[in-house]
Amino acid sequence: KPKKSKVLATPVARKLAKDLGVDITKIKGTGPNGRVMKEDIYRTKEEMTKEVEKPK
Amino acid sequence: MKYDVIIIGGGPGGYVAAIKAAQLGGKVAVVEKDKLGGVCLNWGCIPTKTLLKTAKLYRDMLRGKEFGIVGIDDSKVKVDWNLLLKRKDRVVDRLVKGIYTLFKRNKIDLYEGVGTVLDKNRVEVNGEVITGKNLIIATGAKENFPEIEGLKEALESGRVINSKGALQLREIPKELVIIGGGVIAVEFATLFNTLGSNVTLIQRSKRILSSVEEEMALTLQKQLIKEGINIVTDTKLKSITENGILIDHKREEKLFKGDKYLISLGLKPQLKGIEGLNLELDSKGFIKTNKRLETSVKGVYAIGDLNGKFALAHVASAEGIVAAENIMGIDSIMNYNIVPTGIYTFPELASVGLTEEEARKKGHDITVSKFPLAANGKALAEGEATGFVKIISDNEYGEVIGVHIMASNATDMISEAIVAMQLESTVYDIAKAIHPHPTLSEAVMEAAFGSIDRPIHM
Amino acid sequence: MKYDVIIIGGGPGGYVAAIKAAQLGGKVAVVEKDKLGGVCLNWGCIPTKTLLKTAKLYRDMLRGKEFGIVGIDDSKVKVDWNLLLKRKDRVVDRLVKGIYTLFKRNKIDLYEGVGTVLDKNRVEVNGEVITGKNLIIATGAKENFPEIEGLKEALESGRVINSKGALQLREIPKELVIIGGGVIAVEFATLFNTLGSNVTLIQRSKRILSSVEEEMALTLQKQLIKEGINIVTDTKLKSITENGILIDHKREEKLFKGDKYLISLGLKPQLKGIEGLNLELDSKGFIKTNKRLETSVKGVYAIGDLNGKFALAHVASAEGIVAAENIMGIDSIMNYNIVPTGIYTFPELASVGLTEEEARKKGHDITVSKFPLAANGKALAEGEATGFVKIISDNEYGEVIGVHIMASNATDMISEAIVAMQLESTVYDIAKAIHPHPTLSEAVMEAAFGSIDRPIHM
Ligand SMILES: Cc1cc2nc3c(=O)[nH]c(=O)nc-3n(C[C@H](O)[C@H](O)[C@H](O)COP(=O)(O)OP(=O)(O)OC[C@H]3O[C@@H](n4cnc5c(N)ncnc54)[C@H](O)[C@@H]3O)c2cc1C
Ligand SMILES: Cc1cc2nc3c(=O)[nH]c(=O)nc-3n(C[C@H](O)[C@H](O)[C@H](O)COP(=O)(O)OP(=O)(O)OC[C@H]3O[C@@H](n4cnc5c(N)ncnc54)[C@H](O)[C@@H]3O)c2cc1C
């Protein structure tokens, strides 16, 4: 069976991902049926920032 | 060139395009030979829904006892047709005047008269030639009368009428024969049957509303028969004479008599005045357009009934907005996959997206979930428990690809589905949205539960 | 342990939790001392909406002439209260029986009797002790009666009644004084005013429906006054005597007399039988729960009216589903940001999300767009043009964060907004969704157009 290609996401999550430079295809959404919600983008962005800060 | 856009026809296609183009800063001219609002406001959507509102109230009045209301003398309570037509006129007048006001407010130049297109930049009205960079054709459609013996004479004499004629009747017909089984036919059948006419509906195919989701159309057909409408399906019209309408029905000839015959058998485009453009037409003779509403001639757009996509006012308006946006430099396309239809019978029908059949044909692996209104608290409280909500979803993600609603206010309930589909919603999202109790819309949520595993109340 | 979950209380919280848990494969017991369906089905949502349906029909009948219907003798047409109550009973019976059937179908064990919690795994009913791994408390709430001189006696004598008493009245009161201005008070005011009572509504704060969007509440207040309800705001209850209700109003004492007094001043949780658990309570005495509906004791959940979040049936049911899912191993949380409320007045009110005020307080940079029903074709056709749709959106992406609808069928229209908000929709998505014509829901689309730039029809 082919892998699912589409990302379920809300319009706000998509815009936010674009603005914050988050790759939406790599996020596991917490919304219904795994939909990526705006909170998921905020959370991912925060994690990304922490990753960057760590090596210091 | 004087105008950014000249629009021919001021119906729900043209007038909305005009307002949108003006809002976007365009200099706009509209040519209208009759009244702004077109068929929809003057002879279509609004008049019929105003009459149907009264019919529904009248029907509910006669059911008063069931709801605990006494003291109504059924033999005395009547719809006064002329009083009703006056109300219809008041509603229409107010709305049509509103459009004229909107034109002034948006500084749209209105040319009252028949527009004749000279070329894609020039239109003649009352001898004057106006010029524009773009042209939107929004002249609508007219009735398609088949070639049947005697029809032409019967139309001329007024024995056979169209929907416009039905809105101008002097009285409620005693015996009404309706030829056709589409939306308009079925709505008028509902109207006059409720107001007391004996209605016979003669339909060519096996069932009414052939383009509507099958179970819904069949359930309505049963309901209409139960309410006293004589529905004759599987027929072939033969001729119309002084004696009545002659049809072939199961290899037998039958004659139907009425004091009025209402015919509603589809539409053909209104192309008069625009022949000069030589626009490409589709196989049915409608103007060919793409998703940007462009015709085969650059700078010329065609919106509404005359492009043959959907003969619906909201489609005409949506197309008008798309055309206006494209003309004013905003890239815009129509999404014909999410177009709702509404039918104002008792109960109403409304649909958006694919039917089971269509979905399977397109290769979708689907789930069909149906929730009956008989299990919905509000439907029982309102005494309107005939109907259901059916959701078709694609199994890959659970995406909602079709919703079909039969309910007393299905035409408002469907908006939830169109917004959901616009947002590429899955059944999980709809199920997760907390619907207020008690409402008919809970049935939509329940159907979504059913798509996932099971509804609560079933 | 015998059960996966024991549920105390079979209202819309408890019975839905039970069905969901059973659907997920759980072994479920429900303890109910009265009838399944709880307040909502037996004495709340369903009975009141059944009565209001009749009231609305009666109101429309008296407006018949306006719609072209003649032959109604206004002096004879009446609501037969006892006939109406019988209809109410039929509707309630059918729905309640339906729940019993669902219990059987889902193999839920029903214990009829008062449940007393011994500890978090043991509940006593009629002397029998049943054991379970989890416990859901869903015992609901009861009326909160303030400490007012004479109230206790008046309640006992039956001069002062609560909403349950109002549903058991022998006749329609001639003079009805309603104490309270919340949803229940306002719905009963609408009901009895329409049925012919002289209604006085006594409200403590400056306006009715203090938790409802201000413009909407004030517009309704005006409408109710116009329809003949005497609304007295800004009052303080002093005492209740044989002579009537004494209040302070603008530094004056006033006495209000009626043949019945209906009191509706909020709720307090029903904690009897569960004291043994020593659950943590909030400042108002309701059981504290988190978004998973867990209480301070592991394995004990509390749903519905008694956790003090929203006293709404659909919230109770949604919480029931969340609790059941968590118990059955599916991680699940409630989203209290998208909870709709519906008020079944004429016209109805419905809301979801934030009001202007709340949004500003939370620091949102917002756009408020309002579209009046007076500019909506269907509203005019139906003669129901009082109201509007108001959309609050956040300016960063245009996300819809609040929708407030005043319209004859607002409670169904709001579903579009809840699904939109569930999907984090922007106003662009709603504006782009083609709404069917003619419908009241077009006003939602128009309001969305207004959020972006301007509505078409304004
Ligand atoms: C009885 C009935 C009920 C209906 N109910 C509904 C409903 O409930 N919902 C719904 O969505 N749809 C309904 N429809 C369909 C709806 O009315 C049409 O889809 C809609 O009016 C199409 O809009 P339009 O702008 O394309 O054309 P039209 O509304 O037909 O407007 C075309 C306008 O162009 C003008 N015109 C034509 N040629 C020229 C010219 N050469 N110069 C100047 N002016 C010209 C005409 O006078 C007219 O005003 C109904 C139709 C009927 C007949
Ligand atoms: C007049 C009125 C109109 C309303 N209209 C609406 C409306 O339109 N929409 C809406 O959303 N909400 C409405 N409500 C509110 C709605 O009824 C409540 O929010 C809802 O019933 C709460 O559900 P619940 O399950 O928490 O509690 P309840 O419905 O109160 O159910 C609790 C159940 O627990 C049982 N019980 C209690 N203690 C025990 C015990 N120890 N042992 C065994 N059984 C026990 C009770 O008998 C009862 O059946 C209305 C309320 C009223 C009063």
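Chain naming here is simple, since letters A, B, ... match the order of the sequence lines and numbering starts at 1 in each.
Residue B:Ile99 touches chain C through its side chain alone, counting heavy-atom pairs closer than 4.5 Å. Heavy atoms of B:Ala443 lying under 4.5 Å from chain C are absent altogether. Only the side chain of B:Ser332 comes within contact range of chain C, judged by heavy atoms closer than 4.5 Å. Contact annotation for C:Leu51: neither backbone nor side-chain heavy atoms come within less than 4.5 Å of a heavy atom of chain B. At a 4.5 Å heavy-atom cutoff, the contact between B:Arg454 and chain C is made by backbone and side-chain atoms alike. Both the backbone and the side chain of C:Glu416 come within contact range of chain B, judged by heavy atoms closer than 4.5 Å. Looking at B:Leu380, the atoms closer than 4.5 Å to chain C (heavy atoms on both sides) sit in the backbone and in the side chain alike. In this structure, chain B has no heavy atom under 4.5 Å from any part of C:Lys56. In this structure, the portions of B:Lys76 lying under 4.5 Å from any heavy atom of chain C include both its backbone and its side chain. Looking at B:Asp453, only its side chain comes within 4.5 Å of chain C, counting heavy atoms on both sides. Of the two parts of B:Ile414, only the side chain, counted from C-beta on, holds a non-hydrogen atom closer than 4.5 Å to a non-hydrogen atom of chain C. For chain B, the nearby part of C:Asn409 is the side chain; its heavy atoms alone come within less than 4.5 Å. Contacts of B:Ile321 with chain C are made by side-chain atoms alone, with heavy-atom separations under 4.5 Å and no backbone atom involved. For chain C, the nearby parts of B:Ala420 are the backbone and the side chain; heavy atoms of each come within less than 4.5 Å. Interface residue C:Met458: only backbone heavy atoms are found under 4.5 Å from chain B.
A salt bridge is absent between B:Glu319 and B:Lys309: the closest approach of a Lys/Arg side-chain nitrogen to an acidic carboxylate oxygen does not fall below 4.0 angstrom. Between B:Glu384 and B:Arg63 a salt bridge is recorded (basic side-chain N to carboxylate O distance below 4.0 Å).
Note: C:Phe310 and C:Tyr336 have parallel aromatic rings, judged against thresholds of 30 and 60 degrees for the angle between ring planes.
For the residue pair C:Gln422/B:Tyr428, the side-chain donor-acceptor check at 3.5 Å is not satisfied. The closest side-chain donor-acceptor pair between B:Thr411 and B:Glu348 falls under 3.5 angstrom.
Nearest heavy-atom pair, C:Ser415 versus C:Ile418, reported as atom, atom and distance to 0.1 Å: O-CG1, 3.1 Å.
Annotation: cation-pi geometry not satisfied between B:Lys378 and C:Tyr344 (NZ/CZ under 6.0 angstrom from ring centroid, within 45° of ring axis).
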